[in-house]
**Student:** 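Let me give you the structure first, and then I'll get to my questions.
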Amino acid sequence: TGLPLGTYRVTSSDPVSGVGALANVTLAVNGETNQVTLIEQALGEITGRVLDSFGTGVVPGAEVTIRFDDGLNPERTVTTDPTGRFRFPASPAGGFQISARDPQSPGLNASRGGTLPDNVATLDFDVALKPLGNVLVRVRQPDGSLAAGAVVTVAGGERPTEADGTVTPKINSRLAN
C-alpha cells in the first residue's frame with residue numbers, strides 16, 4: 001500500500017509529556033520512499049501578568065489565551081490569579097500570540113506576540129490592556145446655564161447629567177442611569 005503523490009504533514013505527540021514534532025514531506029515520483037526524522041521540540045513555560053489599562057496595576061481574573069505558531073499545539077486559555085499572573089507550562093519553543101480580556105470591563109483586551117527561545121526554561125511575558133482615557137462632558141442650555149438631566153451618549157452608553165451639568169462616562173461600558 002502507498003500514499004498518493006502529494007505533500008503530507010507528519011506529526012508526533014507524546015500523550016504524557018506533551019512533547020511533539022512536525023515535518024512536511026513531499027512524494028513527487030511514483031514509487032518514491034522518503035524517510036522523515038521527527039525531532040521533538042523542547043518545552044518551556046511562559047508566565048506573566050496582565051497589566052491594567054493605566055499601567056499601574058494588575059488584572060486578577062483576566063482570561064488569557066495562547067496560540068502557538070507551530071500548527072501542532074492547540075490554543076489554551078487560563079485565568080489570572082489574584083495577583084494578575086498567568087502561566088502556560090509545557091509550551092513549545094517558537095512563536096506564539098497571547099491575548100487577554102478583562103471580563104469585568106467589556107471591550108478591554110490586549111494581544112501581543114513573542115517567541116519562546118529554544119532551551120529557555122521560563123519566559124516572563126507581560127500583556128497590557130488597551131490604554132484608556134476619560135471624557136468630561138459639560139452640557140449648557142442656549143442661555144449658558146447648566147443643563148441638568150440632559151442625556152449624554154459616549155461609546156454606546158447613556159447617563160443623565162448631574163445638577164452641575166457634568167457627566168463623566170466610563171469608556172467602553174454601559175452607563176447606568
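Owing to the predicted nature of the structure, the values given are computational and were not obtained by experimental measurement. Residue numbers start at 1 and run along the sequence shown. Hydrogens, waters and symmetry mates are skipped; everything else that's a heavy atom, side chains included, is used.
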**Student:** How many angstroms lie between atom CG of Leu108 and atom CZ of Arg101, to the nearest 0.5 angstrom?
**Tutor:** 10.5 Å
**Student:** Please indicate whether Asn24 has more than 12 foreign heavy atoms, meaning atoms of other residues, nucleotides or ligands, lying under 6.0 Å from its CG.
**Tutor:** yes
**Student:** To which residues is Val58 joined in a hydrophobic cluster, defined by side-chain heavy-atom contacts under 4.5 Å among Ile, Leu, Val, Met, Phe, Trp and Tyr, whether direct or through other members?
**Tutor:** Leu51
**Student:** Check salt bridge (charged side-chain N to carboxylate O under 4.0 Å, His left out) between Arg67 and all other residues, then give those that pass, not counting sequence neighbours.
**Tutor:** Glu75
**Student:** Can you give me the closest heavy-atom contact between Ser91 and Arg76, atom names plus distance?
**Tutor:** OG-NH2, 3.4 Å
**Student:** For Val29, what are the other residues in its hydrophobic cluster, where any two members join if their side-chain heavy atoms are less than 4.5 angstrom apart?
**Tutor:** none
**Student:** Excluding sequence neighbours, so at least two apart, what forms side-chain hydrogen bond (donor to acceptor under 3.5 Å, both in side chains) with Thr77?
**Tutor:** Thr65
**Student:** Provide the closest heavy-atom pair for Phe68 versus Pro92 in the form atom of the first, atom of the second, distance.
**Tutor:** CE2-CD, 3.4 Å
**Student:** For the residue pair Phe96 and Phe88, is the inter-centroid distance of their aromatic rings smaller than 6.0 Å?
**Tutor:** no
**Student:** For Thr80, give me all partners under side chain to side chain contact (heavy atoms under 4.5 Å, CB included), at least two apart in sequence or on another chain.
**Tutor:** Val50, Ala62, Val64, Phe86
**Student:** For residues Leu129 and Ser53, report the shortest heavy-atom separation together with the two atoms involved.
**Tutor:** CB-OG, 3.7 Å
**Student:** Which atoms form the tightest heavy-atom contact between Ala110 and Val127, and what is the distance?
**Tutor:** CB-CG1, 3.5 Å
**Student:** I'd like to check the side chain to side chain contact (heavy atoms under 4.5 Å, CB included) partners of Thr11; sequence neighbours left out, ordered by chain and number.
**Tutor:** Arg9, Leu22, Leu72
**Student:** Going by salt bridge (charged side-chain N to carboxylate O under 4.0 Å, His left out), name the residues that satisfy it together with Glu32, two or more places apart in sequence or in a different chain.
**Tutor:** none
**Student:** For Asp126, what residues pass the side-chain hydrogen bond (donor to acceptor under 3.5 Å, both in side chains) criterion, not counting sequence neighbours?
**Tutor:** Arg49
**Student:** For residues 80-97, which residue pairs pass the salt bridge (charged side-chain N to carboxylate O under 4.0 Å, His left out) check, not counting sequence neighbours?
**Tutor:** Glu45-Arg87, Arg85-Asp124
**Student:** Restricting to side chain to side chain contact (heavy atoms under 4.5 Å, CB included), what partner residues turn up for Ala93, sequence neighbours left out?
**Tutor:** Asp118
**Student:** At what distance, to the nearest 0.5 angstrom, does CG of Leu116 lie from CG of Asp70?
**Tutor:** 11.0 Å
**Student:** How long is the span from the CG atom in Asp102 to the CG atom in Asp52, to the nearest 0.5 Å?
**Tutor:** 9.0 Å
**Student:** Say you draw a straight line from OG1 of Thr26 to CG of Asn34; how long is it, rounded to the nearest 0.5 Å?
**Tutor:** 8.0 Å
**Student:** Calculate, to the nearest 0.5 Å, the distance between atoms NZ and CG belonging to Lys130 and Asn109 respectively.
**Tutor:** 4.5 Å
**Student:** Holding to side chain to side chain contact (heavy atoms under 4.5 Å, CB included), I want the full list of residues that pass it with Leu38, two or more places apart in sequence or in another chain.
**Tutor:** Val10, Ser12, Ala21, Ala23, Val36
**Student:** What distance separates Ile98 CD1 from Ile66 CD1, expressed to the nearest 0.5 Å?
**Tutor:** 4.0 Å
**Student:** Residues two or more places apart in sequence or in another chain: which of them pass side-chain hydrogen bond (donor to acceptor under 3.5 Å, both in side chains) with Ser145?
**Tutor:** Asp143
